[in-house]
Structure formats: C-alpha cells, structure tokens
Amino acid sequence: MNEQLLFNVVDLAGTFAFAISGATAARRCQLDLFGILAIAYITACGGGIARDVMIGAIPPAGLSDWRYLLTAVIAALFTIAAYPWVERLTYPVRLFDAMGLGLFAVYGAHKALLFGHNAEVAVLLGMVTAIGGGMARDVLLTRVSIVLQKEIYALAALAGAAMTVIGERLGWPPVWATWLPILFCFSLRFLSL
Amino acid sequence: MNEQLLFNVVDLAGTFAFAISGATAARRCQLDLFGILAIAYITACGGGIARDVMIGAIPPAGLSDWRYLLTAVIAALFTIAAYPWVERLTYPVRLFDAMGLGLFAVYGAHKALLFGHNAEVAVLLGMVTAIGGGMARDVLLTRVSIVLQKEIYALAALAGAAMTVIGERLGWPPVWATWLPILFCFSLRFLSL
Amino acid sequence: MNEQLLFNVVDLAGTFAFAISGATAARRCQLDLFGILAIAYITACGGGIARDVMIGAIPPAGLSDWRYLLTAVIAALFTIAAYPWVERLTYPVRLFDAMGLGLFAVYGAHKALLFGHNAEVAVLLGMVTAIGGGMARDVLLTRVSIVLQKEIYALAALAGAAMTVIGERLGWPPVWATWLPILFCFSLRFLSL
C-alpha cells in the first residue's frame, strides 16, 4: 500500500522532471504557450504512449490518466512562470530527471512483462519508455537527439530495464526487483553528470 | 441519411484541403512526384491514423478506406498541375483548411468516445486528429511545426474536441453535438487568419 | 521447408543491409556507439514495427524476435570496426539494400493480408515496411528523407507490394507470388542505381 503510494509519487516526480526538461527546451526555441505545453507533455508521456501502443495497452495511460497531463501542464506553467529560477535549478532538475529515467525504465519493463511479453520486448520497451519522450522532443525541435549522442543516458535506461527483467525472472521480492534497478539506473546516470 | 452524406462531404473536403497544404509545402521544398504525394497523404491522414492506433481501431481508416488515399492523390496532382493557380487560391484553401480542422477535431473526439474511451482521451485525440498530420508534415520537412508556433491552431482544435465531448455527455441531439463544435472551431481558426 | 529457410536468410540479409545503411549514416553524423546501434536497429526494424502496430500484430516482431536485434547489432558493430572497408563496399551494400527493399515490401504486404486486411492496407503497409525504417533514420538525423527525394525507391517498393497482392488474389502458387514481386522490386531498384 505504502509501496504503491511511494511508486506513484516517484512516477509523477519523473513526469514532472521530464516535463520541465521539455518545457525548458521548448522555451529556448522561442515557442509560445501551446508549443511549450505540447513539448512538455510529449517529453513526459511520449515514451510511455509508444510503449503502450506496442504492448497492446489501449488506450495508453498517458492519454487516459489525467494525472499525467495535469502534472505535465503544471510543470510547464511553472517553467514559464519561474524561468530564470528554473535555469538556476539545474541540479535538482537533473536529480529528478535521473530519477525519472530510472523509474520509467523499470516501470516500462515491468508493464511489458505484466502484459505477457518476453524479456527482449520488456528490456527494449523499458528503454523506449525512458528515452522515447526525449527523442520525440528533439525530433519536434529538429535537432539530433541528445539521447543518441550521450551514451550513458540510454545505457543507464537499458541497464535498469534489464535488471528489472532479471529480478522478476529470478523471483526477487517485488520491493527489491523494483527499487534495486531504479537505484542502479539512477546512480549510473547521476554519477556521469 | 442526408446528415451522414453531408458529414462525408465535409470530411473529404477537409482531407482535400489538408492534402493541398501538404502538397504545397512539399513542392516548396523541391520534392518531386512521390515526395509530394507522400507528404500530401501523410498531412491529410497522419492524424487520423495515429488516433486509430491509439484507440484500437485496427486497421486505421486512413489506410483501409480508399477514398482518403484517392482524395489525397487528387489534391496532390491538382496542386502540381495548377501550382501558380493554387498559390493564388490561398483564401479558399485556408477556408477548407479551417473546415478540415473543425471536422477532424470533432470526428476524432467522436470516434474515441464511440470506442468507449474517456473524456480526456477523446479531447486529446480529437486534437491529435486535427493537428497530427500537420506536425508529421513539418517533421518530415525538418522544420519546427507551425502547429507548435501558432497557438490558435491547436487551441481551436482543442476547443472543438472539448465541446464535442461536452455535447455528447450532456445528451445534445447529434446534429447539434456535431455541427456546433465544428462551427466553433472553424470560427476560432478562421477569424484569426 | 527449404523455401522457408531461404526466405529467412534473405529476410535477415535485408535486415543486415538496412542496418549497415543506418550505421553508415549515423557514423557520418558523428554519433557514438549507442547512437549508431540505435539508428542501425531503427533503420532495419522501424518499418516492420510500424506495420505490425497498424495491422494489430502485437508485440511487433522487430521487438520480440531476437534475431532482428542481433542482426542489426552485428551489422552496426561490423560497420564501426571496418568503416573504411564498408565505404568501399558500396556495391554489395546496395545489392543487399535493394534485396531488402524487395523482401520487406513483399513480406509486409503478405503479413497484412495474413492478418485479414484488404488490398489497399496490404499495398500501403508493404511500402511502409520497406521505406519506413529509412524515413525514421532520416527524421532522427534531421534531414529530408532520401526516400521522399528519390522516387524510384518508394515506387519499386510500391510495385513489389502491389504485385504480391495481385498474385495472392489471383491464386498464384506461393513460390511465384513471393519471388516474382521480390525480383521485380529488386530489379527496378537495382537497375536505377
């Protein structure tokens, strides 16, 4: 129960951090309100939507669960309202971003297994969940994605997703199979900053 | 009966207008025949195909109903054949484009509700139906989408989709729940030109 | 039996060739290891994944069948290790690429029919299977896709997919309905080089 709550909190914190990274990038490209909101939402939810389409989870949770949209909108409005402040907050934003990477990779792999798919699908879609939104953001802003240029980002996601699958297959207790790979992915990413 | 026919006519008129806008953009980027046909088709049908994949309407109507492809091809060939004339026709093209925006937003929201999805999914996918094709066109032509830069475009689509969902939930007669939001979206878009 | 084996060999040869074309393009854009692997995999498997999502083949084979991923990874590592050599191998690479185009177009159309879809869906998705990966590669590398600029590429895929559908509808023996359109698409593409 408490675990589920903690999981939800971290999930939405990751959504918030990814949305801030999207909103910041959109603002730098001179987009106005709708553009910033749209890029924030796509950065935060695009990876999960792609995963849900590919595992047959229709409709995608990023569309049907209002908390994702609300979180992304709040993050975008916050970025617009407090832009100079957000620019100085790079450290906490990166902290959340690294947490989001870990959580999305683990949750994506977990959801693919839950829908009955094999280990390869789970590992690849865990990675897609974590990096897909950032890639969509960069495509829409017409630049070669940072995800494709900085290896450690995708490799940390890959490691987190792979560890999740191994843990669930070896029957680790759920708490360990969830939090160990999140911590592992987070550490890999955060230590490289 | 008559209503259904009118709906089909406006639907294909929207497809035609979106395809012209795609073909015109592709021709400006010096693409040749296939490139122009492909961009015209993707601009006209890309949003609807994305919607259908996300609501579980397999195969997407844009692929399986030959009238969409045929309309897009005719619009593209017409644009190529009469290019100087089309360039002077900005007013009617924009008129059709604004009609297409309204119709696609309303029809997209309606189809999502028809497949049993909730209000949020319907509003978001109504908007995706209306603006998705234009965003795909701009990504393929490697430019930041005009949809992300001109707010009123997406907001008009959002307003049309939201009004559709409200109307259907409040039990408005189908004719009103269909035509009022189309007119509303069309007016918002057209008055901003 | 033997036919199935031959089909698999050519399928993976096409995957290999498409992955080499993706890895070569990614390396030219100065991407490092993960970027090259990702672009190679997406070039080789992106078209098939899009097709599978649109025909309802969940999960997409490009994700769930490890042979595709392995082939793409080997092709990418080979490209990195032997880059100057690969650059001199343009002729065999193009040969494989043209084979891949034919095979993917035919296999894509065949799979769409197998899932019960109509002729238009099969022809369009045969083409998407063959050219979708290359278009995704070019979008990620932020350039207008060569597929949209060189007509013969997409038209050869279209011809191969259309011939497959005609052959299956007219009840040609499977060997003919498979190999004739592959040869036709391959010839169109290869003679234009």
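Just so it is clear, the structure is predicted and the values come from calculations on it, not from any experiment. Order of the sequence lines fixes the chain letters, A, B, ..., with proteins taken first and strands second; residue numbering starts at 1 for each chain.
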Next on the checklist: For B:Tyr41 and C:Leu124: C-alpha separation, side-chain torsions, deciding distance, then whether side chain to side chain contact (heavy atoms under 4.5 Å, CB included) applies.
Outcome noted: CA-CA 11 Å; B:Tyr41 173 71; C:Leu124 289 175; 3.7 Å; yes
Item to check | Trace of the side chain to side chain contact (heavy atoms under 4.5 Å, CB included) decision for C:Met54 with B:Ile58 | outcome: CA-CA 6 Å; C:Met54 288 191 268; B:Ile58 299 295; 5.6 Å; no
Next on the checklist: With chain C as the partner, which of B:Asp32, B:Thr142, B:Val139 has the greatest number of non-hydrogen pairs under 4.5 Å?
Outcome noted: B:Asp32
Next on the checklist: If I measure from the heavy atoms of chain C, does B:Asp52 come under 4.5 Å with its side chain, its backbone, both, or neither?
Outcome noted: neither
Item to check | Contacting region of B:Ile49 [heavy-atom separation from chain C under 4.5 Å] | outcome: side chain
Checklist entry - How many angstroms lie between atom CG of B:Leu33 and atom CG of C:Leu148, to the nearest 0.5 angstrom? => result 12.0 Å
Item to check | Part of C:Ile131 within contact of chain B (heavy atom distance under 4.5 Å) | outcome: side chain
Item to check | C:Leu125 versus chain B, the contacting section by heavy-atom distance below 4.5 Å | outcome: side chain
Next on the checklist: Between B:Leu31 and C:Val144, does the side chain to side chain contact (heavy atoms under 4.5 Å, CB included) criterion hold? Intermediate values first, please.
Outcome noted: CA-CA 9 Å; B:Leu31 296 188; C:Val144 174; 3.9 Å; yes
Checklist entry - So, do B:Ser64 and C:Glu120 sit near enough that their side-chain heavy atoms are less than 4.5 Å apart? => result no
Item to check | Sub-4.5 Å side-chain heavy-atom contact between C:His117 and B:Pro59 | outcome: yes
